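Below is one structure, written out as structure tokens; the observations come after it.
Remember, predicted model here, so these are calculated numbers, not experimental data.
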Amino acid sequence: MNAWVSALLPVASHLGLDVHTDGDPVDPKLATGLLSVQDTFSQWWPSMFNMIKIIAPVMQSGPDEETRGTGCFFSGGVDSFFSVLKNRDRVSHLIFVVGFDIDPDDGVLVERATRSARDSAQALNKPLIEVRTNIAELSRGRIDWGFHHHGAALAAVGHALAEHLSEVIIPASYHQADLIPWGSHPAVDHLWSSSDLTFSHDGVEFTRPEKVAVIAESVVALDHLRVCWKNPGGAFNCGRCEKCLRTMINLKLVGALERCRTLPDELRVRDVARLEVGHGGDRFAYQNVRALRDHSGGWALSLALRVAMGRSRLHVAGSQIRQRFDRMRKAG
């Protein structure tokens with residue numbers, strides 16, 4: 001029941017509905033943590049979330065601590081490869097999920113990403129736990145997956161595996177200087193812990209260029225790195241979207257782009273200049289601009305990034321002005 005309560009909490013809080021477990025128990029430490037999660041969400045997004053009750057009896061005991069391992073969520077991206085390599089000695093299992101960043105109905109991408117995750121786990125000598133879920137359907141049309149729900153979904157998967165794991169590592173999405181309200185966050189992730197399962201937010205003290213510099217030393221990472229979120233036609237990495245291109249810049253900075261088998265080995269300045277740098281992506285763009293400043297020959301890419309960022313800011317500002325004008329016109 002810990003898994004289901006975690007998965008349901010943000011949606012129920014948004015709808016203002018208490019969660020009843022029909023007599024099934026919930027861990028007392030998790031129940032307390034869920035109150036803090038709600039409090040944090042209501043501060044971050046006061047118009048979206050309500051304080052609700054978890055109506056359930058208290059769970060009395062959990063699995064034997066000594067028989068379980070430490071899992072790390074593993075998508076095959078920069079953050080997860082970094083956390084696995086950084087914690088290689090204590091990570092016992094990799095957790096690969098279809099249904100978060102991969103559409104379960106995209107058969108081509110599911111097959112490619114799953115095969116790559118299996119190969120990566122084998123090369124790292126770690127068992128791979130494969131999970132397939134439609135949990136994202138809970139939030140669809142109600143709350144935003146990235147901002148509001150995916151952290152709860154990670155917690156739900158972790159709790160579902162508590163019989164086998166005593167700790168689950170959640171790779172950080174953002175550097176500590178660039179934190180924004182986000183579904184997975186160092187202020188929230190540990191709050192999903194129970195009496196017998198600990199969640200750890202890992203890597204927040206490292207920038208994306210610093211993480212890439214670490215994984216660039218791993219042949220496994222360079223052979224299997226998967227960063228794309230566009231995936232046109234089931235592509236593993238499209239090599240053209242904002243996330244692909246920013247990762248290619250990271251790799252070029254450390255002289256590893258030509259050794260990465262999953263991304264194009266040519267980085268064109270004009271492609272960077274045409275980027276659409278959306279919300280959140282500007283933080284990674286600034287990190288790359290700072291890194292390029294100290295890199296010989298990086299001035300052209302730095303200029304291209306600045307052009308892309310400036311154009312994107314103008315686009316956002318224009319959209320905001322149009323929205324205000326439309327509201328004023330409707331108000332008479």
Give the minimum heavy-atom separation between Gly99 and Ala136, together with the two atoms involved. O-CB, 3.9 Å
What pair of heavy atoms forms the shortest contact from Val98 to Pro104, and how long is it? CG1-CA, 3.8 Å
Would you say the side chain of Trp4 lies within less than 4.5 Å of the side chain of Leu9, judging by non-hydrogen atoms? no
For Leu257 and Pro264, work out which heavy atoms get closest and say how close. CD1-O, 3.3 Å
Please round to the nearest 0.5 Å and tell me the distance separating atom CG of Asp119 and atom CG of Leu128. 10.0 Å
Has the side chain of Asn50 got a donor or acceptor atom that lies under 3.5 Å from a matching backbone atom of Leu15? no
Is it the case that the side chains of Asp178 and Gln287 hold a donor-acceptor pair, with the cut-off being a distance below 3.5 Å and no angle test? yes
For the backbone of Ser80 and the side chain of Ser83, can you confirm whether one donor and one acceptor N or O come within less than 3.5 Å of each other? no
Within a reach of under 6.0 Å around CH2 of Trp145, are more than 12 heavy atoms found that belong to other residues, nucleotides or ligands? yes
When you compare the side chain of Leu94 with that of Val91, does any pair of heavy atoms fall below 4.5 Å? yes
Answer yes if the side chains of Ser195 and Asp27 hold a donor-acceptor pair under 3.5 Å, and no otherwise. yes
Do the charged groups of Glu130 and Arg118 touch, with an N to O distance under 4.0 Å? yes
Measure from the side-chain N and O atoms of Ser120 to the backbone N and O of Ser116, and report whether any donor-acceptor pair falls under 3.5 Å. yes
Would you say the side-chain atoms of Ser184 and Asp189 include a donor-acceptor pair closer than 3.5 Å? yes
Exceeds 12 heavy-atom contacts within 6.0 angstrom, atom CZ of Arg90: yes
Side-chain donor or acceptor of Thr114 paired with backbone N/O of Val110 under 3.5 Å: yes
Within the 4.5 Å heavy-atom criterion, are Val5 and Ile54 side-chain neighbours or not? yes
Pairwise side-chain contact, Leu251 with Leu263, heavy-atom cut-off 4.5 Å (strictly under): yes
Parallel, tilted or perpendicular for Phe41 and Trp45, by the 30°/60° rule? perpendicular
Does CD in Glu111 sit with more than 12 non-hydrogen atoms of other residues, nucleotides or ligands closer than 6.0 Å? yes
Shortest non-hydrogen pair, Ala172 vs Lys211, comes out as O-NZ, 3.0 Å
Check: His150 ring centre within less than 6.0 Å of Trp182 ring centre: yes
Would you confirm whether Glu137, through its side chain, and Asn134, through its main-chain N or O, come within 3.5 Å as a donor-acceptor pair? no
Quick check: does any side chain N or O of Thr70 sit under 3.5 Å from a backbone N or O of Ser92, one acting as donor and the other as acceptor? no
Contact between Ser302 and Arg306 at the side-chain level, heavy atoms closer than 4.5 Å - yes or no? yes
Report yes or no: does Ser193 contribute a side-chain atom to a donor-acceptor pair with the main-chain N or O of Phe199 at less than 3.5 Å? yes
So Ser200 and Thr198, do their side chains get closer than 4.5 Å, heavy atoms only? yes
Given the side-chain rings of His185 and Phe147, with only the six-membered ring counted for Trp, is the space between their centroids under 6.0 Å? no
Tell me the closest heavy-atom pair linking Thr207 and Glu210, and the distance in Å. N-OE1, 2.9 Å
Is there a donor-acceptor contact under 3.5 Å from the side chain of Lys53 to the main chain of Val19? no
Arg208 to Phe284, cation-pi by 6.0 Å centre distance and 45° axis angle: yes
Given the rule that I, L, V, M, F, W and Y join up when any side-chain heavy atoms are under 4.5 Å apart, are Leu138 and Leu17 in one cluster? yes
Reference residue Phe73; test side chain to side chain contact (heavy atoms under 4.5 Å, CB included); the match among Val168, Ile169, Asp202: Val168
When rounded to the nearest 0.5 angstrom, what distance separates CG in Leu30 from CG in Leu191? 10.0 Å
Do Trp44 and Phe49 have ring centres separated by under 6.0 Å? no
Would you kindly check if the NZ (Lys) or CZ (Arg) of Arg246 is within the cone defined by 45 degrees around the ring axis of Trp229 and under 6.0 Å from the six-membered ring centre? yes
Would you check if His159 and Leu197 make a side-chain contact, meaning some heavy-atom pair closer than 4.5 Å? yes
Please evaluate residues Asp106 and Asn231 with respect to the criterion side chain to side chain donor-acceptor pair (under 3.5 Å), reporting the C-alpha separation (whole Å), side-chain torsions for both, the decisive distance (0.1 Å), and the verdict. CA-CA 10 Å; Asp106 187 342; Asn231 307 112; over 6 Å; no
Please determine whether a side-chain nitrogen of the Lys or Arg among Asp271 and Arg240 lies less than 4.0 Å from a carboxylate oxygen of the Asp or Glu. no
As an exercise, state the distance from SG of Cys241 to NZ of Lys230, rounded to the nearest 0.5 Å. 7.0 Å
According to a 4.5 Å side-chain heavy-atom criterion applied to Ile, Leu, Val, Met, Phe, Trp and Tyr, with indirect links allowed, do Val219 and Leu222 form part of one hydrophobic cluster? no
Donor-acceptor contact present, side-chain His14 to main-chain Met48, <3.5 Å: yes
Rounding to 0.5 Å, atoms CE (Met248) and CZ (Arg268) come to a distance of 9.0 Å
Any chance you could measure Tyr174, atom OH, to Leu179, atom CG, to the nearest 0.5 Å? 9.5 Å
With side chains defined as the heavy atoms from C-beta onward, is the minimum distance between Val212 and Phe82 less than 4.5 Å? no
Quick one: closest heavy-atom pair of Val227 and Asn237, and the distance? N-OD1, 2.9 Å
Could you check whether any side-chain N or O of Lys252 sits under 3.5 Å from a backbone N or O of Glu266, counting only pairs where one atom can act as donor and the other as acceptor? no
